[in-house]
Every structure is written in C-alpha cells, then in structure tokens.
Amino acid sequence: MDETAAHTLADAVAALKAGRLVLMPTETVYGLAADASNARAVAKVYEAKGRPSFNPLIAHVADLAAAQKVARFDDRARALAERFWPGPLTLVLPAADTQAVCDLARAGLDTVAVRAPGHPVAKALLEAFGGPVVAPSANRSGRPSPTTFADALEETGTAAAAALDGGPCEIGLESTVVALLDQPRLLRPGAVTRAEIEAVVGPLAEAEADAKRSPGRLTRHYAPNSPVRLDAPSPRRGEAWLSFGPGGRGRWNLSPTGDLSEAAANLFAYLRAADRTEPVAIAIAPIPDEGLGEAINDRLRRAAGFVG
Ligand code: AMP
Ligand code: MG
C-alpha cells in the first residue's frame, strides 16, 4: 500500500470482505478493523498488534438493530444504547450468535462487547460492509493509541490493505466499557462518565479487583472440561490430539502448513470440538513461541489451568 494514500470506502469494504485489515477512524481512536465473523482476519489483527495474549475485542456495528443480531439486549442495555449510541460506550452482553462475532474475537467467551461508533466514516463503513467488525486501537501492543491518520498509518505500516482518513479523533480516549451480565458493572472508565451511565441504569458495581487490571478477565475465559496436556508430540491412549504442522495426524490439525495465524483461527473451535468427544485429556502439540504463537501458548496455558 502507498504509505501516504487514503483509500475509498469501496476499497475498504472490498478489503474487509476479502478478510484483510482496514484502518478505520472512530471518534475515540483509530482502529485496526477486520470482519468479526472471519477468524483468519481476526487472527491478522492480533498478529499485526503483536499482542502476547488474545483479549476479547469490541464488535463495532452500524446501529442498535445490527447490535441486536450479535448480542442479547435487556431493558437496561437498550436504554443505554438508546441514550449513548452512536457514541463512545461499549456494552458487554450475552452473545446472541456465536458465528457473527467469532470465537477468536470473543477470546472464547460466551459474552460479546458491542459498540456503535459515532464517527461518520466508521458509520459509513459499517453500513456499507453490513456486518460487525472488530477494531482494537491501531497501535502495536504497548504503544499509545493513534488519534491522527498519520500516526495510525505509521503504527500499522503495511498491515492494513486499506486506510480511511477520518481526520483527528475528536475524543482521543477509549470507549467506556459497561457489562450488563448481572448487575451493571464498569469494566473500563472512558469517554462516557460514570455519572452519565448511572443516570440511566443506577449505581454501577466495580469490576472485580483482579478484573480491573485486565477487564477481559472479568468473565472467566473459556476452559475445556477435559484436562489439557501441553507440548505433546503425540497423543496417548484415549486422548484427543490437537496437532500442528505437516507431521500432524488426526482430525484436528491446527495448521497442516505450520501457519500460526491459521492455528489461532482454528484454536477455539478445535478445543471445543475435541472437548465434546469427552476424551481422557486433550493433548496439544508443541506450538512455536514466536509471533502469534505467544498468544496461542498463553491461551493454552490458561486452558491447562496453569494461569488463573
Ligand atoms: P479495545 O478494543 O482495545 O478498546 O479493548 C476492548 C475492551 O473491552 C477491553 O478492555 C476488553 O477486555 C473489553 N472486552 C471486550 N469483550 C469483552 C467481554 N466479552 N467481556 C469483558 N470484557 C470485554
Ligand atoms: Mg488499545
């Protein structure tokens, strides 16, 4: 891609449909967007950001009607959406359709974070694309979120197939994240204030102490029922085996070609499928701890119960 060029909306829609990434302006910060239903595309987002773990991503939608296709809204959620959307408020709700926002995007949770951004370019893209897109901040992991087109281009380099220039971000601060799973809970303070939210749904509970450091951990991450055995070059009797690479046999080869992005895309679906066969254990082939492999191994260590 020409590093300085902005693309058209049509370029961006075509890129999303082809499973490629798009630099998308929002009123909060620039996001690196991908088709939320396409696990291969979502894997590319984690890869481009260089995140060492899979945290759940926000599904961006055009409006409340689109949000109701991916999440289950109760009266409180509807009231918040009606008051603050389009705008910088993200709602964490029970997932309605687990295909629309894929397992990898939800980090395997049965909840989903949704938001309808107010930026006209984001709105236009979401309407034209017609489905939810994940769009975490376009910075590489550990760096500040980009709030201008130039900064966003510099951060993403060649990762985005199309880049939309929406000018400087008006808010420049991440969205407020509120969970409506039991009592309304503030997971991340942001552009919409606590008082504004409490005026609609009443007092907000705090995120749990541990969840505060990493709000994605509030809801327990998906863990298989079967025990998980890591670094298994081959399965033992009665085990289901998630293999990896050209030598891998069996039903669940995370990537026959040894491609980490393909392995990330298959990871949650294969864990679930293997778990459903009620094996003695799920044995998992060694995964190289480089690039996306670091996030895959983090996830697997959690599945194996080594990390809380
Ligand atoms: P970002 O997309 O980088 O702005 O961050 C997304 C935020 O939403 C993070 O704080 C996540 O932990 C949080 N989040 C997304 N999905 C969920 C979910 N299903 N449950 C709890 N928190 C979530
Ligand atoms: Mg960020």
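Each residue takes its place number in the sequence, starting with 1. Numbering of ligands and ligand atoms starts at 1, following listing order.
Among the atoms of S137, an N, O or S atom falls under 2.8 Å of the Mg ion (ligand 2).
Close contacts of ligand 1 with T111, meaning ligand atoms under 4.0 Å from a residue heavy atom, involve 18 (C), 19 (N), 20 (N). The atoms of ligand 1 that sit less than 4.0 Å from any heavy atom of L109 are 18 (C), 19 (N), 20 (N). Remark: ligand 1 atoms within the under-4.0 Å shell around heavy atoms of A113 are 15 (C), 16 (N), 17 (C). Atoms of ligand 1 found under 4.0 Å from any heavy atom of R51 (numbered from 1 in listed order, with element): 3 (O).
No path of Ile, Leu, Val, Met, Phe, Trp and Tyr side chains, each step under 4.5 Å between heavy atoms, connects V29 with V134, placing them in separate hydrophobic clusters. Linking ILVMFWY residues whenever their side-chain heavy atoms come closer than 4.5 Å, directly or via other members, places L267 and L292 in the same cluster.
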Legend entry - Verdict with supporting geometry, W252 and T277, side-chain contact (heavy atoms from CB on, under 4.5 Å): CA-CA 12 Å; W252 297 299; T277 67; 3.8 Å; yes
Inset, instruction - Would you check, one step at a time, whether the test side-chain contact (heavy atoms from CB on, under 4.5 Å) holds for I287 with L254? - result: CA-CA 10 Å; I287 309 288; L254 289 165; 4.0 Å; yes
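Side chains of N139 and S137: a donor on one and an acceptor on the other come within 3.5 Å. Side-chain polar atoms of S175 and T90 form a donor-acceptor pair below 3.5 angstrom. Judged by distance alone, the side chains of T176 and R194 never bring a donor and an acceptor atom under 3.5 Å apart.
In this structure, R115 does not count as a contact residue of ligand 1, since none of its heavy atoms falls inside 4.0 Å of the ligand. Ligand 1 lies out of reach of T90, whose nearest heavy atom is not under 4.0 Å from it.
When P136, A107, P56 are checked for heavy-atom proximity to atom 11 (C) of ligand 1, P56 turns out nearest. Atom 5 (O) of ligand 1 has its nearest heavy-atom neighbour, among R185, E174, H60, R188, in R188.
By the criterion of a heavy-atom distance under 4.0 Å, the side chain of V92, and not its backbone, is placed next to ligand 1. For L187, every heavy-atom contact with ligand 1 shorter than 4.0 Å involves the side chain, none the backbone.
Using cut-offs of 30° and 60° for the angle between ring planes, the Y30 and F149 rings count as tilted.
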